[in-house]
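Side-chain atoms are counted along with the backbone in the values below, which use heavy atoms only and exclude waters and symmetry mates. Chain A is the first sequence line, chain B the second, and so forth, proteins listed ahead of strands; every chain is numbered from 1.
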Amino acid sequence: MAELKFIGGYPEYMRKFIDIVNKTRAKRKDYTPIAMTMEQRDEVLKVHPDYAPGGKRSISIGLNKGDMAPNEVADLIEAYPLIQGNEVDLTKPDLSVDLLIIGGGLAGTAAAVWANDKGVDKDQILLVNKLRHGDANSIMAEGGTQAADRENDSPARHFLDAIGGGHFTNKPDVLRALVEDAPLIMKWLCDLGAIFDREEDGSFVEKAGGGTSRRRMHACKDYTGLEELRVIRDEFRNREIPYLEYYPVIELLTDGSRVTGAVLYNLETGDYKIIQAKATILATGGFGRLHVRGFPTTNHYGATCDGVVLAYRAGAKLRDTDTVQYHPTGAAYPQQIIGLLLTEKLRGMGAQPVNKNGEAFVFPLEPRDVEAASFIRECYVKENGIVTPTGMRGVWLDTPMIELKNGEGTIEKSFPGMFRMFNRFDLDIRKDPVLVFPTLHYQNGGVESDPWGKTNVDSLWVAGEVSGGIHGKNRLMGNSTLDCLVFGRRTGISVAEYLKSDVKHGKLMLEHMKNYVTMLKQAGIDTTRKAPILLPDYRGKAVLARMIDVF
Amino acid sequence: MPEKDNNIMDKIAESNKSVVTGIDEKDIEHWITISILGSEYKVPAGLTIMQAMEFAGYRFVRSCGCRAGFCGACTTVYRIVGDYRLKTAMACQTRVEQGMYLTQIPFTPAERANYDIDKLSPGIEPFLTLYPEILRCLGCNSCTKACPQDIDVMEYIAAGKRGDVALMAELSFDCIQWGLCAMRCPAELAQYN
């Protein structure tokens with residue numbers, strides 16, 4: 001095959017389609033397709049991966065027996081533990097603390113700071129991380145954090161937007177906590193020094209997101225999560241709260257009813273540690289790296305559903321396990337960055353989805369599932385997508401429209417991360433549109449909790465993406481960083497309160513895990529699958545085929 | 001029409017295979033040779049350094065994080081055979097090139113000062129107290145050259161020396177803390193953002 005000729009980073013044949021987008025831009029500038037009716041939404045959702053047939057099965061054991069979940073998630077729930085139990089010595093904990101926090105993204109780090117603030121001694125806290133402290137989806141959050149803090153807005157309106165986006169399946173009490181705490185969280189972040197985008201008069205720049213009826217998205221350029229985590233982690237370090245890195249939890253410990261600690265595994269040296277804790281906060285994030293239905297993902301390398309697996313074995317109740325969020329605008333070209341996130345803020349500032357004929361075919365800010373489904377329909381039903389050299393299909397996101405609407409220089413100023421990412425591969429998003437296709441973005445469901453993050457299992461709290469209920473079956477933009485911060489704070493405070501009642505350490509046992517194995521066997525689940533998987537495996541197929549274990 | 005919708009999902013999965021399930025040799029037409037820690041490997045052209053290392057059989061624990069250019073875990077230094085210049089790259093955001101020989105730097109030993117943010121006042125004092133070594137800056141610009149985010153590192157250090165907190169914050173805003181600025185500094189400035 002002849003080498004492809006590239007012009008401005010695109011093969012010649014794609015360049016011809018770009019010309020169509022460039023030529024139709026002026027005409028589209030003052031045109032926005034009208035938003036869909038509820039009936040039209042239902043129709044397009046038929047091609048959404050959550051609604052298209054197949055890909056799911058019902059969970060066969062435990063509290064959520066009978067609930068539907070993606071096959072990739074059910075596979076991990078119906079998998080055997082990494083340890084049998086007899087290889088770890090539970091009689092001598094390596095460390096006893098009041099509070100064990102599992103996961104050091106925004107939620108876990110915020111929980112540590114607030115617990116300490118409310119009286120838990122720093123040396124009675126331990127934050128454990130699977131990779132580095134801060135290796136999390138949190139730092140990849142680009143677009144912003146929602147908070148209703150303007151005169152024309154209110155937490156009640158924020159609530160209605162979120163519950164509408166979630167198809168009215170959200171758990172109302174936790175959602176109420178989310179929206180009511182949002183302005184307080186913004187104040188906290190600013191007090192810690194987070195630099196949000198500001199208008200000239202000092203007020204916040206606030207943008208719209210998909211499904212929001214008011215502008216309430218607070219952003220730090222397109223590095224919102226990175227900035228938020230930076231200031232909170234700095235505060236955490238200033239308080240000298242102890243933490244461990246490269247120490248994933250491979251099993252929780254219970255005394256038969258309440259969570260009493262965890263088994264940690266050193267990813268580098270292979271030895272284990274036993275931690276005894278009076279309270280445990282699970283903040284392990286989501287499951288993007290499971291690549292549900294073969295989709296690429298925006299997620300961090302460590303997003304492998306560990307928390308849900310561990311909590312479920314300990315008897316925690318899950319909810320909304322049947323839905324997955326696909327972000328409409330993942331990169332579809334070039335190959336090196338397939339699946340990576342193109343923030344919704346791009347559409348918030350005017351970038352339009354456009355098909356191969358140069359037509360704006362959908363309202364740019366439908367809720368994420370509707371928007372994603374409309375892209376799939378455009379590519380695979382209406383055949384109006386562009387096919388890349390690697391066989392992916394996508395539609396254009398007309399980024400130069402941002403400059404046309406907001407003035408030259410807007411992209412470099414407001415989207416330095418996006419501009420840079422494409423520039424590394426010789427693409428200029430100021431001049432040319434980018435090709436996009438939905439990508440696996442968020443675990444909508446998870447471990448159920450009350451408004452303080454408390455689960456049905458004693459001494460176990462959850463915060464952030466690992467939890468379920470807040471977003472129902474579909475999350476809106478800007479509510480995930482908010483979720484982490486609100487419930488990080490609330491779990492930290494709740495644990496501090498709990499510890500005031502003179503709680504004693506409990507016995508360290510793995511009976512719950514052994515019972516779970518018995519249930520698996522009784523359900524006839526005959527498999528070599530083990531969970532949590534901790535990290536995905538992308539090694540080349542040829543190498544894997546010749547892998548032997550001798551060392 | 002259930003079959004049809006199912007078929008769509010199959011087609012999507014098929015088109016995403018290379019980034020989801022690992023790369024199959026039979027799909028590859030163009031190959032190049034790179035050297036990882038001194039050992040040569042034949043890898044598909046067009047992959048990122050990270051994807052190429054995984055193709056070769058490496059499974060990351062260190063030196064891999066967000067895989068999207070936000071976390072600074074995959075710090076990599078390399079040369080191209082025949083070129084004296086030492087180059088730096090994020091493994092997840094950089095294409096492999098023929099003749100690239102590379103190593104990764106998974107960790108940077110660096111100092112971080114502790115402070116109480118409520119007791120700091122903007123100006124030059126906090127910098128001189130917390131990070132007095134910034135006065136040692138030689139103005140060589142090695143830090144700026146090492147930055148994968150195109151941050152003018154030397155300029156923000158200079159702003160710090162003048163006590164211009166606002167400019168320092170603005171210039172360093174896009175920092176992902178990958179650490180090579182501190183590693184390359186001949187004056188041993190020990191902090192990185």
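Looking at A:Cys379, there are no atoms closer than 4.5 Å to chain B (heavy atoms on both sides), in backbone or side chain. A:Arg289 touches chain B through its side chain: at least one heavy atom from C-beta onward sits under 4.5 Å away, while N, CA, C and O do not. Contact annotation for A:Asn299: only backbone heavy atoms (N, CA, C, O) come within less than 4.5 Å of a heavy atom of chain B. Using a 4.5 Å cut-off between heavy atoms, A:Pro438 does not touch chain B at all. If you measure heavy-atom distances from A:Ile195 to chain B, the contacts under 4.5 Å come from both the backbone and the side chain. There is no contact between A:Leu341 and chain B, counting heavy-atom distances below 4.5 Å. Of the atoms belonging to A:Tyr51, not a single heavy atom falls under 4.5 Å from chain B.
In terms of the side-chain hydrogen bond (donor to acceptor under 3.5 Å, both in side chains) criterion, B:Asp164 has no residue partners (sequence neighbours excluded).
Under 4.0 Å is where a charged nitrogen must lie from a carboxylate oxygen, and between A:Asp135 and A:Arg132 at least one such pair does. Looking at A:Lys221 and B:Glu170, a side-chain N of the basic residue comes within less than 4.0 Å of a carboxylate O on the acidic one, giving a salt bridge. Between B:Asp83 and B:Arg79, no side-chain nitrogen of the basic residue sits less than 4.0 Å from a carboxylate oxygen of the acidic one, so the salt-bridge criterion is not met.
Annotation: A:His300 is not in aromatic contact with B:Phe70 [ring centroid separation under 6.0 Å not met].
Counting heavy-atom pairs closer than 4.5 Å to chain A, the top-ranked of the candidates B:Met90, B:Arg67, B:Met50, B:Glu14 is B:Arg67. Comparing B:Lys26, B:Gln51, B:Lys17, B:Glu54 by how many heavy-atom pairs each has under 4.5 Å with chain A, the most go to B:Glu54. For the options B:Asp150, B:Ile117, B:Val61, heavy-atom pairs under 4.5 Å to chain A are most numerous at B:Val61.
Panel note: side chain A:Thr329, backbone A:Val436; no donor-acceptor pair is recorded below 3.5 Å.
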